[in-house]
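None of the values given here were measured: they were computed from a predicted structure.
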Amino acid sequence: YFDGIYESLSNKSTTTTLGTSDTLYPTQNAVKTYVDNSYAKPTIEWLPSPNGFLTSYVPNLTGTASNLAPSFSGNLILKQFRRRYLSAATAGSSTSYRDVNFRHVSIGEGFTSYFIFGNEDAANVAQARSFYGYQGSNTEIGNVNPTTISNGIGIGNNSGQANLQFINTVAGTSVDLGSSFPSNTNSADFYLLIMSNDNGVNNLKWRVVNLHSGADTGFTTITTSIPPSTIGLAPIFWRNNGTTALAVTNTLILYRLLKL
């Protein structure tokens, strides 16, 4: 009880998840822990600079690297700090950024992820294909269309697809984002992909923004046929030239993961 001066010790609560009681009162530690856990914390960030990556934990890379400083002429993508990787020029070659050691997230734990990327191909690569997002493996994607990978969820395109697709290989679906999201423009269109999951909930929210044109899909929420909570998901930025014997580029501007 409360007698106007003292609170009863029996009402003191050390529960760090708090609650809705009007009788219990929390300890300092309970409040601090609750507040700390209520804010998203940067867990992993890949952030390019002219000298490499600004963060100590960097992705594993496939291709020939260029660290690029902003150039204040031309399209918006050229005005970014970015890391560009170039594949070989033989058909079936890939370039990627990925984590070969750890899987970063799983559905149900609560997270928000940001992927910013584009390409700077010297010439149009007719059969180029791509995938940006999460997969249920740390391995490189092979010389295949990304709709075939295991537990893949993100955006990309198969060979011959003119527009980016939202790819969900669990559901076996590939949603065309439309002509405002072309898959293969060079040093022009570049994209922000946001994916998030609510803590304790079987859902995935996604949104894609074309940072060159401003086109925006808005958020879509899916609750079925997504990677199960028992599968750890690893990030990957991947491009492949398919059957075209020309090099493809893979430009990374940002990957940021916030755990909730």
Side-chain angles (χ1 to χ4, degrees), residues 46-50 53 59 61-89 91 93-97 113-133 141 145-147 154-167 174-195 206-220 235-256:
W46 297 340
L47 186 63
S49 80
F53 284 93
L61 308 159
T62 300
T64 302
S66 297
N67 299 309
L68 301 172
S71 171
F72 295 102
S73 61
N75 290 323
L76 186 60
I77 187 173
L78 303 178
K79 299 177 182 179
Q80 315 302 312
F81 287 104
R82 60 204 193 279
R83 175 95 163 190
R84 184 179 67 203
Y85 262 65
L86 183 71
S87 77
S93 296
S94 298
T95 172
S96 72
Y97 306 78
S113 298
Y114 303 87
F115 299 74
I116 302 180
F117 56 87
N119 84 71
E120 300 175 65
D121 294 346
N124 186 60
V125 182
Q127 296 300 307
R129 45 198 175 187
S130 65
F131 183 77
Y132 310 90
I141 299 173
N145 282 322
T147 49
I155 65 173
N157 66 288
N158 288 343
S159 290
Q161 290 180 325
N163 304 325
L164 288 175
Q165 320 282 311
F166 183 77
I167 296 171
S174 183
V175 179
D176 193 320
L177 301 186
S179 59
S180 295
F181 300 87
S183 63
N184 204 17
T185 54
N186 307 327
S187 301
D189 296 288
F190 69 115
Y191 298 99
L192 164 65
L193 166 65
I194 305 172
M195 292 194 290
W206 63 271
R207 174 187 179 189
V208 183
V209 181
N210 183 330
L211 296 172
H212 175 67
S213 70
D216 189 339
T217 65
F219 275 104
T220 295
I236 188 166
F237 294 63
W238 172 87
R239 291 190 78 222
N240 172 277
N241 61 9
T243 58
T244 306
L246 291 173
V248 290
T249 59
N250 190 357
T251 298
L252 182 151
I253 298 170
L254 174 72
Y255 168 66
R256 177 176 293 153

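Among residues two or more places apart in sequence or in another chain, the ring-ring contact (aromatic ring centres under 6.0 Å, His included) test is passed with F115 by Y134, F237, Y255.
The heavy-atom pair separating S180 from A215 by the smallest distance is CB-CB, 3.7 Å. S87 approaches N241 most closely through the heavy-atom pair OG-ND2, 4.4 Å. Nearest heavy atoms, I77 versus R82: O-CD, 3.5 Å. When all heavy atoms of M195 and G154 are compared, the closest pair comes out as SD-CA, 4.2 Å. Minimum interatomic distance between W46 and P235 (heavy atoms only, all atoms of both residues): CH2-CG, 3.8 Å.
N184 and N124 share a side-chain donor-acceptor pair at under 3.5 Å. Side-chain atoms of T243 and Q127 form no donor-acceptor pair, as typed in the model, at a separation below 3.5 Å. R129 and N145 form a side-chain donor-acceptor contact under 3.5 Å, judged by distance and modelled atom types alone. Between the side chains of N158 and T147, at least one donor N or O sits under 3.5 Å from an acceptor N or O.
Within the model, atoms CG of L252 and OH of Y85 stand 10.5 Å from one another, a figure rounded to the nearest 0.5 Å. Between the CG atom in N186 and the CG atom in D121 there is a gap of 5.0 Å [rounded to 0.5 Å].
Among F166, Y114, Y97, F117, the one residue that satisfies the ring-ring contact (aromatic ring centres under 6.0 Å, His included) test with Y132 is F117.
Taking the side chain as every heavy atom from C-beta outward, L47 and L254 approach each other to under 4.5 Å.
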